[in-house]
Structure formats: structure tokens, C-alpha cells
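In this text, all values refer to a predicted model and were calculated from it rather than measured experimentally. In what follows, chains carry the letters A, B, and so on, assigned in the order in which the sequence lines appear, proteins first and then strands, with residues in each chain numbered from 1.
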Amino acid sequence: MKLLIKNGHIIDVKTGIDGIYDLLVEDDRIADISKDMDTEGCEIINAGGKYVLPGLVDAHCHLRDPGFEYKEDIESGTRSAARGGFTSVACMPNTNPVIDNESVVKYILNKAKREGYVNVYPIGAITKGLKGEELAEIGELKFAGAVAVSDDGNPVKSSSLMKKAMQYASMFDIAIISHCEDTDMAEDGVMNEGYTSTMLGLKGIPAAAEETMVARELILSEYLDIPIHIAHVSTALSVELIRNAKKRGVKVTCETCPHYFSLTEEACMGYDTNAKVNPPLRTTKDVQAIIEGIADDTIDIIATDHAPHHIDEKRVEFSIAANGMVGFETALPLAVTKLVRPGIITMGKLVEKMSLNPAKLLGISKGTLEPGSTADITIVDIDAKFTVDPEKFESRSKNSPFGGMELYGLVWGTIVNGKPVVSENILL
Amino acid sequence: MVLKSKDLLGLKDLTAEEIEYILDTAKAMKYVITSNNKRTPHLQGKSIVTLFYENSTRTRLSFELASKYMSASSANINSSGSSVAKGESLIDTGKTIDMMGTDVIVIRHPQSGAPHLLAKHVKASVINAGDGMNEHPTQALLDMFTIREKKGTLRGLKVAIIGDIYHSRVARSNIWGLTKMGAEVSLSGPATLLPPKMEMMGVKIYSTVHEALINADVIISLRMQLERQKKALFPSIREYSRFFGLDENRLRLAKKDVLIMHPGPINRGVELTSAVADHEHSAINEQVTNGVAVRMALLYLLTRRGINEAAD
């Protein structure tokens with residue numbers, strides 16, 4: 001089968017392509033990129049006026065399957081991902097059972113093969129049961145198909161254990177993703193500690209609870225000379241610590257999420273539980289620092305931290321509401337609206353941070369439109385404006401603080417392994 | 001005039017005019033409590049439910065008597081021994097109460113914002129009787145009523161609030177209310193028990209109790225919870241009372257006619273000595289009477305909201 005994407009503005013960082021070209025897909029591979037290609041025998045997609053990008057790769061999401069299918073499962077989660085322009089997603093291990101052994105990895109990979117709309121890559125646990133006590137079988141996880149390890153949501157408290165985990169994982173050349181939070185300092189906080197928490201009478205999580213653990217990971221990484229990836233950076237000092245470490249040559253990479261460059265703690269006013277997330281939404285100063293970190297490449301990756309929750313877990317008292325927000329279907333529009341259109345980053349940088357760099361982190365051969373590579377393609381219209389309506393999300397959960405917001409960047413097409421999954425703005 | 005909202009969730013949301021109006025109405029209600037015949041028809045045919053997820057003696061009793069003095073039908077729900085204990089959600093409990101024809105739900109809840117959540121999902125008026133660390137608006141209203149009664153006005157008065165500000169919903173409501181009414185509020189307490197950036201609420205924060213007390217017209221002493229010691233928020237009751245407890249010596253820093261208040265229940269010998277609690281300028285007992293008056297006023301104003309709206 002031949003598929004020809006005509007007249008799109010193609011951006012591929014790896015090959016340095018940035019211009020209007022035609023792109024030919026044959027079966028599941030990218031065959032050619034050139035001008036005015038012969039349309040004969042091809043199914044045509046007219047991408048005039050739109051950007052054609054390497055399929056987006058999400059390095060951090062929660063598909064909730066197995067164990068919490070009432071929030072999301074692989075089918076609904078990958079439908080949502082495709083709708084948001086993601087062609088590959090890496091899912092965190094806080095499922096039930098936890099992804100801490102080969103059989104759960106296999107379960108996810110098999111189910112994704114049967115029901116998935118996009119490529120799914122499981123992230124294994126660092127410790128058995130995410131308990132922070134004993135190492136998970138990281139070697140076995142890797143060989144079963146896990147692309148990274150993380151105890152996301154349950155930070156590894158013991159510095160000694162974290163050191164050993166980094167040493168052990170490095171043997172298998174698998175990335176460690178650290179959710180940085182000193183849970184002792186965070187105590188039972190439910191939002192950022194600051195004026196808004198004081199006004200709302202809610203217990204605060206100090207920025208320092210994140211920053212102290214970021215510092216620890218940087219020190220361990222430097223000491224061991226082993227790479228570390230910091231998940232969902234949310235504070236100004238975290239950015240500064242990482243920027244400094246990078247200057248010294250520490251092998252650190254990091255990600256942030258769209259909500260950390262789009263929203264502040266004020267979104268919690270009125271006890272809006274859709275704005276409850278961990279790490280919490282911070283201050284204007286932090287948002288500014290995150291944007292600067294994205295602009296100067298201190299922040300390598302924009303990940304969604306897509307965290308679906310059932311309405312019954314959100315329509316409760318703020319303090320007992322679940323942490324997290326769905327993110328697949330707003331991530332690219334937020335990046336376009338808040339970063340690309342104001343001129344903070346180019347579309348090329350967006351491709352790096354949402355496709356190429358996450359693919360590198362996870363060690364998967366994605367993130368490029370180089371002929372010969374798998375045909376994972378995202379087509380986006382960055383001039384098309386729309387109003388976010390969570391009720392229309394493909395995700396099983398609707399917990400988004402972005403409802404009603406006007407954003408640019410409509411995902412017009414998503415092609416996974418050569419097959420259109422979203423076409424002309426419609427999920428097939 | 002009518003109250004703008006169907007609910008009383010906090011003083012954060014009220015205007016100075018609304019506060020003034022509530023306090024004026026409470027003044028009339030106080031005559032009822034102090035008269036021989038404690039029965040008025042203001043709430044005849046109205047139904048009031050108190051829904052308490054935390055223990056309370058005085059606030060609950062105060063609301064209950066306020067309803068009864070005004071001829072309302074009233075009922076209580078305790079979180080233990082009800083469907084709440086069986087894991088029913090707040091919204092479901094609220095809707096159940098709502099569907100029984102309730103006009104006002106008075107809620108106390110350990111989580112900040114719970115009354116706001118309830119209010120969004122019921123037709124009844126919701127009165128916040130204390131939510132987590134957020135607000136306790138009826139307490140602050142009765143405090144302001146007491147101050148106004150004794151001092152004639154709130155404007156320009158210097159009010160010192162001393163103690164565990166961090167966990168105190170009474171402090172937050174008083175800060176919102178007093179600053180709106182033109183009083184100057186100063187705070188003092190252990191640094192571990194002062195919430196961050198509270199000065200942005202328009203108050204002054206002092207690290208020593210002396211500075212906060214100088215020339216104070218009113219002192220509001222807050223209850224120190226002994227459990228806080230276990231969370232390393234302060235070392236001991238002994239040290240707390242040494243540095244922040246109110247005794248007669250410290251009282252001399254304030255104005256001669258200083259008014260001493262406390263939301264109760266008091267820990268004698270901890271946040272204040274018996275000599276201070278029982279001082280001739282102490283209004284601690286009168287606060288309790290005024291609490292009933294303020295709650296009568298609120299129940300009355302909220303239940304007549306729908307009826308007289310057009311006329312107003």
C-alpha cells in the first residue's frame with residue numbers, strides 16, 4: 001500500500017528537513033521525501049498548510065491497565081493518545097499488579113498489539129511493588145520489553161537504594177526515570193505551598209520537597225557517572241539545579257509537562273480538583289522558569305503525565321481527590337499555543353522535545369521521518385483554533401483543568417506504522 | 001438588602017456591607033436570647049439540618065438553639081453512626097438531605113473546601129461551621145459582633161491574634177473579616193505555625209508576641225492543640241506558654257481597656273493563664289451568647305433570601 005502526504009511542511013530534526021515536501025509511505029515504512037512526487041497508485045493525504053512531523057512520543061503516561069480499567073485501559077488510552085497526535089507512549093508501572101515482572105510487561109505488550117491504536121512501551125518498576133525496598137528484576141524487565149524503569153508516584157526514598165538501582169540498571173543500559181519528591185517534607189500537602197494554599201486553608205507541598213530530591217539525583221548521577229532522567233520538573237530551582245549540572249557535564253535529562261508551563265497554583269482556587277496534580281501546579285515565577293528551561297534546552301522533553309481518574313475520584317473534597325490530569329489530547333495544542341506561537345521555541349524544537357528526545361531516552365527507533373524508518377507521523381494545523389471540551393475526549397476519564405480554554409494546534413492526522421488512525425481531524 | 005450568595009461559605013466571599021448587615025441583624029437577635037420568651041416565628045416552617053463530620057459542642061449546640069429559638073424544625077447528623085460512616089460521598093449525603101426538604105444545611109468538615117463542594121450540589125443554603133484549616137465564618141462573625149458591641153466599631157482597631165495560625169480556620173476567617181471592616185490585624189505564633197505569605201492577606205506578622213501585643217485593642221488567643229507537638233511543630237507546651245502564652249505581664253503591653261477573646265475551648269495555663277481568661281476584660285463567656293445571636297441572624301437572612309429578593 002502506498003500513501004502520499006502532499007504539500008505538508010515537513011520537519012525532521014534528525015535529517016535536517018524543514019520545508020514543503022511530499023512524503024511517501026510504503027506499507028509501514030517511510031519510503032521517500034521529495035518535491036512533486038508522482039501520485040499514481042497512491043492514497044493521497046493533502047497536508048497543505050499543515051505541519052508533518054515525526055509521530056509524537058510520550059515518555060510518561062498512565063494507561064491504568066491492568067488494574068484500574070475503570071479509569072482507562074489500553075484501548076481507550078491509546079485512542080486518546082492517537083487523538084492527541086502521539087504514535088508511541090511509554091506507560092508507568094503503577095498498575096495493579098505493578099509492572100515489576102516479565103508477565104505484566106508481556107500482558108501490556110500483547111494487549112496493546114491486539115487493541116492498541118498506537119505503539120505502547122511499558123516502563124518497569126525500580127523496586128518490587130513500588131515499595132522502595134528491594135530492586136525489581138530490572139534485567140528481566142528490559143528483556144521482556146520495558147524501555148525504562150521508574151517508581152513514579154512513589155519516589156525511591158532511600159538514597160542507598162537509589163544509588164544501587166542506578167548502578168544495576170546501567171548494566172542493562174536502561175533509563176531510570178526519577179519522580180523527585182521528598183515525601184517526608186511533602187507530608188500530607190495537597191497543593192503548592194504558598195499564598196494560594198494559605199488562602200484556601202489547604203496543606204502545602206513546598207517546592208523544596210521536589211528540589212532536594214532533584215539535587216540528590218544529580219549528585220548520585222555525577223558521583224556514579226550514570227545517566228538519570230528527572231520526571232515532571234515543576235519548580236524554578238529544579239530547572240536551575242539541572243542547568244548547572246548539565247554545564248558540569250552530568251548525564252542528566254529531564255522532562256516537564258504542559259500543565260507546568262500553562263497553569264499556576266491559582267488554578268486550584270475554588271477547590272477545583274481537576275487542578276490537583278503531583279507535583280503540584282506552582283507559581284508564575286516557576287512557570288516562567290520552566291519556559292526558560294524549555295527555551296534553553298535545559299528541559300529536554302515535554303511529556304504528558306497523562307493521569308486519568310474517574311469522576312468519582314475527583315468530585316470529592318480537594319484533600320482526598322486523586323492527583324493527576326489527563327493530558328494526551330491537550331499536550332500538543334498547549335505546546336503550540338504556549339511555546340511555538342509566542343516564538344519561544346520553533347517547530348523543530350517541538351519535534352525534538354515531543355518526539356526525538358523521548359525516543360532517545362527510551363532507546364526506541366522513533367522520532368524521525370528518515371526514509372526506511374517506521375511510518376509514525378503526526379499532522380498538525382497550528383493555525384486552527386478550537387475550544388477544549390473534555391467531554392469529547394477519547395480518554396475514558398475527563399479530568400482536565402483545560403476545559404473551555406481556546407487553543408491552537410488541531411491534530412489533523414495521526415499515522416501509526418503506516419496506517420492512518422486519525423485522518424482529517426477524525427479518529428478512524 | 002439581601003445576602004448575595006445562597007450560602008455562607010466564608011468571609012473571604014462577603015463584602016463589608018454584608019458583614020455589617022449580618023452584625024446589625026444579630027444585634028436584634030440578641031434581645032431574643034436575653035429575653036424571657038426565647039421564641040420567635042422567624043424560621044417557622046423552615047427546616048435546618050446540622051451535618052457534623054467533626055466533634056463539636058458549642059458550635060453545634062449554638063446552631064441548634066438558634067434554630068429552636070426561631071421555631072425551625074431541626075435535625076442533626078453525626079458522621080459516625082450514619083451512612084457517612086458507611087462510605088457515602090459528601091455529595092450523595094448532601095443530596096439526600098436536600099431531597100427531604102431542608103432549607104439550610106450547617107456543615108462542619110475536616111477538609112477545607114468541603115462546604116463549597118456541598119453547596120454546588122444542593123438547593124439548600126449551606127452554612128460553613130468550620131472546614132479544615134480554611135474558614136469558620138460564624139465564629140469570626142461572633143468575634144466581630146463582640147468587638148463591635150464592646151468598642152463601638154471595628155474600624156481602626158488593632159487586633160492581635162496569637163497562637164497556631166497555620167491550622168486555625170478561626171484566624172483565617174477573622175483575618176478576612178477584620179481587614180474588610182477596617183481593623184488592623186497583627187499575628188504572632190511559632191514560626192512553624194505561621195502559614196507562608198500570610199502577609200499578602202493584609203496583616204502584620206511578628207516573631208515575638210510582645211510586638212504583636214503592643215497597643216492592642218483586642219487580643220484573640222487561639223487554642224493550642226497538644227498533638228502538634230508530635231509533628232515537631234513546637235517542642236513542648238512548657239516552652240510554648242513561656243514564649244507565646246498570655247499572662248498578666250504580657251497583657252500590660254496592650255491598651256488598658258484591651259478586650260480578651262478566645263474561640264474556646266480554652267487550655268488554661270497553656271495559651272492563657274486563668275487570670276487572663278477570667279480577667280474583667282475577658283469576653284470569652286459573652287462570645288458564646290453572641291454566637292447564638294449571630295447564627296440566628298444568618299439562618300434568618302439566608303432563609304428569607306428567596307422570599308424578599310424581589311421586594312429588595
Side-chain angles (χ1 to χ4, degrees), chain A residues 70 182-209 211 235 237 264-276 280-286 309-323 399 401 403, chain B residues 9-13 53 79 84 87-95 107 109-121 128 130-137 165-173 175-176 179 187 192-203 205 228 231-233:
Chain A
Y70 67 97
D182 178 337
T183 48
D184 283 334
M185 203 194 300
E187 274 186 287
D188 44 2
V190 295
M191 67 171 293
N192 184 51
E193 182 171 273
Y195 180 55
T196 310
S197 67
T198 291
M199 262 204 305
L200 291 174
L202 290 171
K203 289 200 176 157
I205 302 172
E211 291 148 358
T235 82
L237 183 54
T264 68
E265 59 183 8
E266 283 175 33
C268 299
M269 292 294 286
Y271 302 95
D272 184 354
T273 56
N274 280 332
K276 187 180 176 193
L281 300 173
R282 308 285 188 181
T283 65
T284 311
K285 181 179 130 250
D286 296 299
H309 287 294
H310 194 272
I311 188 165
D312 291 345
E313 296 164 312
K314 283 289 191 182
R315 223 174 49 171
V316 292
E317 297 85 323
F318 194 93
S319 304
I320 61 170
N323 274 313
N399 51 305
Chain B
L9 301 177
L11 297 195
K12 183 166 41 190
D13 320 309
Y53 289 80
S79 58
V84 172
E88 188 175 52
S89 80
L90 177 61
I91 293 171
D92 288 340
T93 303
K95 283 191 171 153
I107 179 175
H109 198 285
Q111 261 115 33
S112 303
H116 307 65
L117 179 71
L118 178 67
K120 266 185 226 155
H121 293 275
N128 180 0
D131 64 324
M133 316 190 307
N134 179 42
E135 284 221 41
H136 191 350
I165 312 285
Y166 184 84
H167 295 94
S168 178
R169 51 197 178 205
V170 175
R172 277 185 183 72
S173 278
I175 292 168
W176 292 121
T179 50
L187 310 174
T192 42
L193 292 169
L194 290 171
K197 309 210 163 145
M198 200 162 227
E199 65 283 358
M200 288 171 74
M201 287 169 75
V203 298
I205 296 168
R228 311 287 182 220
K231 294 192 94 182
L233 290 162

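- Annotation: salt bridge (Lys or Arg N to Asp or Glu O under 4.0 Å) contacts of A:E187 (sequence neighbours excluded): B:K231.
- Counting non-hydrogen atoms of neighbouring residues, nucleotides and ligands closer than 6.0 angstrom, the CD1 atom of A:I311 reaches no more than 12 such neighbours.
- Close approach to chain B, defined as a heavy atom under 4.5 Å from one of its heavy atoms, is seen in A:G270, A:Y271 of residues 267-276 of chain A, taken by number.
- Heavy-atom neighbours of B:K12 NZ from other residues, nucleotides or ligands within 6.0 Å: above the threshold of 12.
- Contact of the B:H121 side chain with the A:R315 side chain is registered, since non-hydrogen atoms from C-beta on lie closer than 4.5 Å.
- Contact count against chain A (heavy-atom pairs under 4.5 Å) is highest for B:Q111 among B:E199, B:E135, B:Q111.
- Closest approach of B:N134 and A:L200 over heavy atoms only: OD1-O, 3.3 Å.
- The choice from B:H109, B:M198, B:K120, B:R169 that makes the most heavy-atom pairs within less than 4.5 Å of chain A is B:H109.
- Here the shortest heavy-atom pairing between A:V316 and B:L117 reads C-CD2, 3.3 Å.
- Between B:Y53 and A:E317 the shortest side-chain heavy-atom distance does not fall below 4.5 Å.
- Between A:Y195 and B:M201, some side-chain heavy-atom pair lies under the 4.5 Å cut-off.
- Scanning both residues, B:P196 and A:T198, for their nearest heavy atoms gives O-OG1, 2.6 Å.
- Of the listed residues (B:H116, B:K197, B:M133, B:H167), the one with the most heavy-atom contacts under 4.5 Å to chain A is B:M133.
- B:R172 contributes atom CZ, which lies 10.5 Å from atom CE of A:M199 (distance to the nearest 0.5 angstrom).
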